[in-house]
2 protein chains.
Amino acid sequence: MAGLAKRNPPADVYAAQCPSRGVLDHLTSRWGVLVLVALAEEMHRFSALRRKIGGVSEKMLAQTLVTLEEDGFVERTAYPEVPPRVEYRLTPLGREVAVKVESLVDWIEANVPRVQRARAAR
Amino acid sequence: MAGLAKRNPPADVYAAQCPSRGVLDHLTSRWGVLVLVALAEEMHRFSALRRKIGGVSEKMLAQTLVTLEEDGFVERTAYPEVPPRVEYRLTPLGREVAVKVESLVDWIEANVPRVQRARAAR
DNA sequence: TTCGTTACTTACCAAAAGGTAGGTACTTAC
DNA sequence: GTAAGTACCTACCTTTTGGTAAGTAACGAA
């Protein structure tokens with residue numbers, strides 16, 4: 001039958017086993033957010049990301065990049081050179097979410113003082 | 001001196017010890033995101049949140065609510081009754097971020113199939 | 001009379017996250 | 001000749017996270 005598509009139930013983040021939960025976890029992971037906004041700015045090599053994102057270990061950065069690549073948000077291009085050169089950039093899908101993530105991050109950076117005042121007020 | 005305000009350096013999420021990192025962590029925590037979007041819909045009692053957010057334990061929900069309250073995103077109102085009744089709602093600050101968080105969550109819910117296709121394609 | 005409901009808190013334990021260090025292979029700089 | 005840079009991977013160990021269960025106080029329902 002032409003046009004037959006598997007229809008799965010609509011996503012619902014409140015449901016513990018909804019696949020959207022996994023995507024949410026990857027995107028909002030400690031380093032996932034920062035990788036996304038860094039790559040939204042421009043292409044980065046592995047070591048450039050590592051230097052840019054303060055506090056990431058190589059292990060965590062590599063792991064984060066793998067899961068973001070698996071989910072189709074990040075594209076990895078390796079050049080068969082020595083020393084190795086690998087470029088990371090966002091896919092079209094990645095660019096779409098990055099917009100949302102960036103706007104959250106921008107809000108946070110702009111409003112840290114208000115949060116600090118709230119903390120101090122108690 | 002009137003009008004003297006402590007000027008701290010602009011927030012930078014890339015810097016490991018920038019306070020924005022802490023705020024980011026709280027907001028993008030596993031349960032923080034879900035609490036925020038739930039409270040963006042309407043006021044919830046503790047047990048209502050617990051039932052709505054699939055998979056949260058009481059301990060984690062309580063902990064998440066405390067940190068969101070400390071940061072000034074959530075307001076807690078307890079009524080001295082037995083059995084106890086406590087209402088949680090967003091503060092004005094909370095409503096602002098919730099907009100950003102909701103738009104991320106909405107995007108995810110709408111695009112899970114694309115992510116799944118990306119995963120399948122490898 | 002005993003159970004369930006409410007909103008937690010605390011203690012204890014298991015699981016997961018994440019840091020550190022070392023190895024690789026080859027090139028360029030010193 | 002030695003050290004550094006590159007992009008990782010793996011093993012080991014510590015830290016953090018999170019789940020489970022029990023306790024609380026008072027009331028309404030069965």
Side-chain angles (χ1 to χ4, degrees), chain A residues 13-17 21-35 38-39 42-71 74-90 122, chain B residues 13-17 21-35 38-39 42-71 74-90 122:
Chain A
V13 272
Y14 292 125
Q17 45 276 3
R21 277 286 183 87
V23 180
L24 179 64
D25 286 347
H26 296 164
L27 289 173
T28 62
S29 69
R30 187 166 184 62
W31 306 114
V33 173
L34 299 176
V35 167
L39 294 183
E42 60 183 331
M43 175 279 281
H44 279 75
R45 294 181 60 174
F46 185 87
S47 55
L49 277 175
R50 178 141 165 55
R51 278 188 296 267
K52 177 159 204 156
I53 301 174
V56 226
S57 64
E58 290 192 350
K59 180 186 163 186
M60 279 300 102
L61 180 56
Q63 199 173 103
T64 301
L65 285 166
V66 167
T67 77
L68 290 179
E69 199 198 343
E70 286 174 347
D71 282 2
V74 166
E75 184 192 21
R76 189 192 113 109
T77 315
Y79 298 88
E81 303 172 0
V82 169
R85 181 162 61 99
V86 178
E87 297 183 348
Y88 290 95
R89 43 175 60 83
L90 295 183
R122 38 188 0 260
Chain B
V13 274
Y14 292 125
Q17 40 274 12
R21 277 287 184 86
V23 180
L24 179 65
D25 286 347
H26 296 163
L27 289 174
T28 62
S29 69
R30 187 167 183 60
W31 306 114
V33 173
L34 299 176
V35 167
L39 293 183
E42 59 183 332
M43 176 279 282
H44 279 75
R45 294 181 60 174
F46 184 86
S47 55
L49 278 175
R50 175 139 166 59
R51 279 187 296 266
K52 177 158 203 155
I53 301 174
V56 226
S57 65
E58 291 193 349
K59 180 186 162 184
M60 279 301 103
L61 180 56
Q63 199 172 105
T64 302
L65 285 167
V66 167
T67 77
L68 290 179
E69 199 197 342
E70 287 174 346
D71 282 1
V74 166
E75 183 192 23
R76 188 191 115 110
T77 316
Y79 297 89
E81 302 172 1
V82 169
R85 182 160 62 100
V86 178
E87 297 184 347
Y88 290 96
R89 42 175 61 83
L90 294 183
R122 35 189 1 259

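Note that these values count all heavy atoms, side chains included, but never hydrogens, waters or copies made by symmetry. All chains are named by letter (A, B, ...) in the order of the sequence lines, taking the proteins before the strands, and each is independently numbered beginning at 1.
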Margin query: Tell me which pairs pass side-chain hydrogen bond (donor to acceptor under 3.5 Å, both in side chains) where either residue lies in residues 74-85 of chain B, with sequence neighbours left out.
Written below: B/Tyr79-B/Glu87, B/Glu81-B/Arg85, B/Arg85-B/Glu87
Next item on the list: May I have the distance from A/Asp25 (atom CG) to D/dG18 (atom C1'), rounded to whole angstrom?
Entry: 13 Å
Item checked: Base versus backbone protein contacts along nucleotides 3-19 of chain C [heavy-atom cut-off under 4.0 Å; B, S, -] -> --BBSBB-B------BB
Note to self: Going by the rule side chain to side chain contact (heavy atoms under 4.5 Å, CB included), which residues pair with A/Ala16 if we only count those two or more places apart in sequence or in a different chain?
What the structure shows: A/Arg21
I'd like a table of donor-acceptor pairs (distance under 3.5 Å, sequence neighbours excluded) in which one partner is a side-chain atom from residues 64-71 of chain A, with atom names and distances.
unit_1  : atom_1 : unit_2   : atom_2 : d
A/Thr64 : OG1    : A/Met60  : O      : 2.7
A/Thr67 : OG1    : A/Thr64  : O      : 3.2
A/Asp71 : OD1    : B/Arg119 : NE     : 2.7
A/Asp71 : OD1    : B/Arg119 : NH2    : 3.1
A/Asp71 : OD2    : A/His26  : ND1    : 2.6

Item checked: For A/Lys52, side chain to side chain donor-acceptor pair (under 3.5 Å) partners two or more places apart -> A/Glu41
Next item on the list: Find the partner of C/dA14: check Watson-Crick (N1-N3 plus N6-O4 or O6-N4) and G-U wobble (N1-O2, O6-N3) distances, both under 3.5 Å, and reply none if neither fits.
Entry: D/dT17
Next item on the list: Would you please name every residue forming a salt bridge (charged side-chain N to carboxylate O under 4.0 Å, His left out) with B/Arg50, sequence neighbours left out?
Entry: B/Glu58
